[in-house]
Number of protein chains: 2
Amino acid sequence: MKISTRFSDSIHILAFINIYQGVIPLTSNNIASSIETSPVVVRRLMSALNKAGLINTVHGAADPVLAKSPENISLYDIFLAIEGDAHLFTIDERTNPQCIVGGNIQETLNGFYQQAETAAKAKLARTSLQDVIDTIRVKQAIKDAEKERRN
Amino acid sequence: MKISTRFSDSIHILAFINIYQGVIPLTSNNIASSIETSPVVVRRLMSALNKAGLINTVHGAADPVLAKSPENISLYDIFLAIEGDAHLFTIDERTNPQCIVGGNIQETLNGFYQQAETAAKAKLARTSLQDVIDTIRVKQAIKDAEKERRN
DNA sequence: TTAATTGAAACTTATTTAGTTACAAATAAG
DNA sequence: CTTATTTGTAACTAAATAAGTTTCAATTAA
């Protein structure tokens with residue numbers, strides 16, 4: 001199983017809430033316009049983010065808010081909220097237990113995969129939503145300066 | 001996108017070739033029995049492993065051989081052979097370029113995802129097929145000892 | 001009271017992955 | 001040389017997963 005765009009869309013939602021709060025109404029419709037998906041998809045993801053305690057939403061009302069400061073929300077927190085205990089690598093569960101290889105490969109690969117996965121997740125854990133927002137703003141500032149230069 | 005069982009099945013094939021060479025004929029049929037899949041799936045994967053220079057196969061003849069010693073085949077070599085430049089995380093390619101978030105999130109996430117992915121791949125690069133084979137043999141030895149003890 | 005919005009279920013569609021069928025091309029054995 | 005075995009590959013089918021849609025009850029806000 002590959003990690004779906006749900007993860008990247010969720011980070012998008014959280015960054016959007018932070019950057020556009022007070023600027024435009026934070027309805028699922030407005031957020032969906034930025035992701036170019038449907039409002040239902042956005043609400044589905046926000047429901048998971050809400051349950052995980054990353055945002056606070058109110059049934060019937062727009063304008064969700066981040067439940068913590070962006071410095072204290074890591075990409076791994078978001079990953080957990082959306083993908084739960086999903087794995088980056090998949091192990092074939094149906095191998096012949098009679099065979100030396102088939103009978104031991106699952107446990108064996110599980111160990112090595114776990115290590116690789118943990119390395120990746122540790123990186124995610126060390127990256128905050130604030131890092132993402134900062135990078136977005138810097139990239140936008142560069143674009144704005146470019147545009148200005150051309151005038 | 002999640003990484004499919006193709007990767008784990010490929011490691012399985014290589015370990016099987018090493019452990020069973022000279023013991024039983026290494027036909028796609030025999031290998032498939034250990035993985036509990038079809039011979040065609042095995043041949044498909046072996047074709048990719050052959051093209052990547054990890055094994056040497058002969059059209060019409062059984063008994064493929066490892067092209068390098070297991071110490072010199074890393075899990076990342078196998079990953080590259082089978083998955084190529086596949087990514088562990090997927091970025092939503094269709095976001096609104098007019099929006100500060102939508103217009104910069106792809107590049108931004110690409111950077112952070114790249115870091116996490118590299119951490120995982122580095123772990124795979126530091127794990128060899130020999131490590132896998134050794135672990136399989138140790139696990140089997142433990143099982144054998146358990147069985148002996150019960151007699 | 002009405003309009004706008006969320007939350008959630010059920011469904012459809014699209015994409016990806018796994019497995020199958022079929023067969024030409026090569027090898028191996030008698 | 002002939003036959004059986006095997007690989008390599010293409011084309012197809014089936015299954016699993018992901019993305020998107022439709023619908024509507026429940027809630028809030030004006």
Side-chain angles (χ1 to χ4, degrees), chain A residues 1-10 12-13 16-17 24-52 55-65 79 81-95, chain B residues 1-10 12-13 16-17 24-52 54-65 81-95:
Chain A
M1 124 217 175
K2 184 183 207 157
I3 299 306
S4 66
T5 57
R6 278 193 295 263
F7 182 36
S8 77
D9 287 345
S10 299
H12 189 142
I13 289 170
F16 192 94
I17 290 172
I24 60 171
L26 298 175
T27 62
S28 59
N29 231 303
N30 284 338
I31 300 174
S33 299
S34 174
I35 305 183
E36 291 192 353
T37 184
S38 91
V40 177
V41 170
V42 171
R43 292 204 289 270
R44 205 139 57 188
L45 293 174
M46 289 206 300
S47 171
L49 295 171
N50 183 50
K51 277 169 188 152
I55 61 177
N56 294 318
T57 62
V58 178
H59 190 177
D63 296 303
V65 295
F79 182 92
I82 300 300
E83 299 286 347
D85 59 357
H87 289 290
L88 270 41
F89 303 98
T90 311
I91 292 174
D92 193 337
E93 309 283 0
R94 189 163 151 275
T95 58
Chain B
M1 129 213 177
K2 184 183 206 152
I3 299 306
S4 67
T5 58
R6 280 194 295 264
F7 182 35
S8 77
D9 287 345
S10 299
H12 189 142
I13 290 170
F16 192 93
I17 290 173
I24 60 169
L26 298 176
T27 63
S28 59
N29 232 303
N30 283 338
I31 299 173
S33 298
S34 174
I35 305 182
E36 290 191 354
T37 183
S38 91
V40 177
V41 170
V42 171
R43 293 204 288 271
R44 207 142 53 190
L45 294 173
M46 289 206 300
S47 171
L49 295 171
N50 183 49
K51 276 167 187 152
L54 299 184
I55 61 175
N56 295 317
T57 62
V58 178
H59 189 177
D63 295 303
V65 295
I82 299 301
E83 300 285 348
D85 58 357
H87 289 291
L88 270 42
F89 302 99
T90 311
I91 293 173
D92 193 335
E93 309 284 0
R94 189 163 152 274
T95 58

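In the text below, chain A, chain B and the rest are named by the order of the sequence lines, each starting its count at 1. Because only heavy atoms are used, hydrogens play no part in the values below, and waters and symmetry mates are left out as well, while side chains stay in.
- In this entry the distance linking CG of B:L49 with C1' of D:dT9 reads 16 Å, nearest Å.
- The closest side-chain heavy-atom distance from A:P64 to A:L26 is below 4.5 Å.
- In this structure, A:T5 does not reach the D:dA18 phosphate: none of its side-chain N or O atoms is under 4.0 Å from OP1 or OP2.
- The nearest whole Å value for the distance from the CD atom in A:E36 to the C1' atom in D:dG20 is 14 Å.
- Considering only residues two or more places apart in sequence or on other chains, B:S34 meets the side chain to side chain donor-acceptor pair (under 3.5 Å) condition with B:H12.
- Side-chain contact check for A:E93 and B:T5: no donor-acceptor pair (N or O, by modelled atom type) lies under 3.5 Å.
- Looking only at distances, a side-chain donor or acceptor of B:N30 sits under 3.5 Å from a matching main-chain atom of B:P25.
- Atom CD in B:E93 sits about 15 Å away from atom C1' in D:dA19, given to the nearest Å.
- For the OP1/OP2 pair of D:dG20 and a distance below 4.0 Å, the side-chain nitrogens and oxygens of A:S38 include no atom meeting the criterion.
- In this structure, A:S10 contributes its side chain and A:R6 its backbone to a donor-acceptor pair below 3.5 Å.
- B:I82 places its CD1 atom 14 Å from the C1' atom of C:dA18, with the value rounded to the nearest Å.
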Letter by letter from the 5' end, nucleotides 5-16 of chain C scores (B base, S sugar-phosphate only, - none; protein heavy atoms under 4.0 Å) BBBBBB------
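- The backbone N or O of B:V42 lies less than 3.5 Å from no partner atom in the side chain of B:S28, so there is not a single donor-acceptor pair.
- D:dA19 atom C1' lies 18 Å from atom CD1 of B:I91, rounded to whole Å.
- D:dA19 atom P lies 8 Å from atom CG of A:D9, rounded to whole Å.
- Pair assignment for C:dG30: D:dC1, on the basis of Watson-Crick or G-U wobble contacts that are both within less than 3.5 Å.
- Rounded to a whole Å, the CD1 atom of B:I35 is 16 Å from the C1' atom of C:dT17.
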